[in-house]
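Here it is, the structure, as C-alpha cells.
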Amino acid sequence: MSTFLESPPAAHRDRTTPTRTTSFPQPDPGGSLRLTVTRPDPATAVIAVDGELVAATAPRLAHLLGPRLTSALRTVVIDLSAVTFLDTTGLGVLVHAWHQATITGRTLKLITGPGGVERALESAGLDTRA
C-alpha cells in the first residue's frame with residue numbers, strides 16, 4: 001500500500017479507455033461539497049472532491065469511500081485539488097481512509113491543490129511518497 005501526494009494531472013484517465021462517472025451534487029446544510037466518481041479502469045476509482053471538506057460534509061466522503069476501500073478495487077485516488085477548505089473532520093476522514101487502505105492492501109493516492117490542504121495532509125503524515 002502506498003499513499004502519496006501529487007500535483008493535479010492533466011487528465012485522470014487514458015482517453016482511449018471508456019470511463020463511468022457518478023456525481024453526487026446534492027447541497028449540504030452548513031457547507032458545499034460535490035463528489036464525482038470516475039472509473040478509468042476496473043481496478044481504479046478516482047473520487048474528485050470539490051468544495052469544503054468540513055464537519056457538515058465529510059461524512060458524505062466517508063460514506064463514499066467505505067465500500068471502495070473494501071471492494072475489488074486496487075487503487076483509490078482522492079483528488080483534493082478543488083477543495084477550498086479542509087477542517088479536522090475532513091482530515092480525519094482522509095486519515096481513516098489511509099488506515100483502511102493499509103489494512104486492506106489497497107493503494108490510496110491523494111492529489112492536492114491549495115497549499116493549505118497540502119500542509120494539513122503533511123501535518124497528518126499523509127505526504128509520504130511511494
Side-chain angles (χ1 to χ4, degrees):
M1 197 296 302
S2 60
T3 303
F4 61 92
L5 304 178
E6 44 184 57
S7 298
H12 291 294
R13 60 185 172 88
D14 176 3
R15 296 207 185 273
T16 62
T17 306
T19 62
R20 185 179 62 179
T21 301
T22 307
S23 291
F24 303 89
Q26 303 90 350
D28 290 298
S32 62
L33 184 73
R34 180 181 171 118
L35 302 172
T36 304
V37 179
T38 305
R39 297 286 304 274
D41 63 62
T44 305
V46 177
I47 301 171
V49 183
D50 183 357
E52 299 176 355
L53 189 53
V54 295
T57 60
R60 287 187 49 223
L61 177 60
H63 180 74
L64 194 63
L65 281 169
R68 284 160 180 83
L69 292 171
T70 57
S71 69
L73 292 171
R74 288 182 297 203
T75 303
V76 176
V77 178
I78 305 172
D79 182 351
L80 302 169
S81 61
V83 170
T84 57
F85 188 76
L86 174 68
D87 74 1
T88 55
T89 305
L91 188 57
V93 168
L94 298 172
V95 169
H96 180 76
W98 177 81
H99 285 291
Q100 188 69 25
T102 300
I103 291 168
T104 61
R106 280 162 185 75
T107 299
L108 177 67
K109 297 181 181 181
L110 303 176
I111 299 172
T112 63
V117 170
E118 189 166 338
R119 283 190 299 278
L121 294 170
E122 288 171 355
S123 70
L126 294 177
D127 65 331
T128 51
R129 298 194 181 269

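Starting from 1, each residue takes its place in the sequence as its number.
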Please find the pair of heavy atoms, one from Arg106 and one from Ala72, that lie closest to each other, and give the distance.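 Distance-wise, the nearest heavy atoms are NH2-N, 4.2 Å.
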Counting C-beta onward and ignoring hydrogens, is there a side-chain heavy-atom pair between Asp50 and Val83 closer than 4.5 Å? no
Could you tell me if the side chain of Ile47 sits less than 4.5 Å from the side chain of Thr36, heavy atoms only? no
Heavy-atom pair with the smallest gap, counting every atom of Val54 and Phe85: CG1-CD2, 3.4 Å
Any side-chain heavy atom of Thr75 within less than 4.5 Å of one from Lys109?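 Yes, at least one pair of side-chain atoms sits under 4.5 Å.
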Do the non-hydrogen side-chain atoms of Arg60 and Leu35 ever get within less than 4.5 Å of each other?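 A side-chain contact under 4.5 Å exists here.
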Answer whether the closest heavy-atom distance between the side chains of Val77 and Ile111 falls below 4.5 Å. yes
Looking at every non-hydrogen atom in both residues, tell me the closest pair between Asp87 and Ala55 and how far apart they are.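 The pair with the smallest heavy-atom distance is OD2-N, 2.9 Å.
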Would you mind reporting whether Leu94 and Leu108 have side-chain heavy atoms less than 4.5 Å apart?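 No; the side chains remain at least 4.5 Å from each other.
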Without swapping roles, check the side chain of Thr57 against the backbone of Ser32 for a donor-acceptor pair under 3.5 Å.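 Checked: no pair found.
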Any Leu64 side-chain heavy atom under 4.5 Å of Val37 side chain: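 Yes; the side chains approach each other to less than 4.5 Å.
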Quick one: pull up CD1 in Ile103 and CH2 in Trp98 and give me the separation to the nearest 0.5 Å.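 Here the interatomic distance stands at 9.5 Å.
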Pro67 versus His63, closest heavy-atom pair with distance: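 Heavy-atom minimum between the residues: CD-O, 3.2 Å.
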Contact between Val95 and Val93 at the side-chain level, heavy atoms closer than 4.5 Å - yes or no?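 No, too far: nothing below the 4.5 Å cut-off.
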Measure across Val49 and Leu33 and return the closest heavy-atom pair with its distance rounded to 0.1 Å. CG1-CD1, 3.4 Å
Check: Pro40 main-chain N/O paired with Thr44 side-chain donor or acceptor under 3.5 Å: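 Not a single qualifying donor-acceptor pair exists.
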Which value, rounded to the nearest 0.5 Å, describes the distance between Leu69 atom CG and Gln100 atom CD?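 So the gap between those two atoms works out to 6.0 Å.
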Might you point out which heavy atoms bring Ala97 and Leu65 nearest each other, and give the distance in Å? CB-CD1, 3.8 Å
So CD of Glu118 and CG of Leu86: to nearest 0.5 Å the spacing works out to 12.0 Å
Nearest 0.5 Å, please: how far is OG1 in Thr84 from CD in Glu52?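 If we round to the nearest 0.5 Å, Glu52:CD and Thr84:OG1 are 4.5 Å apart.
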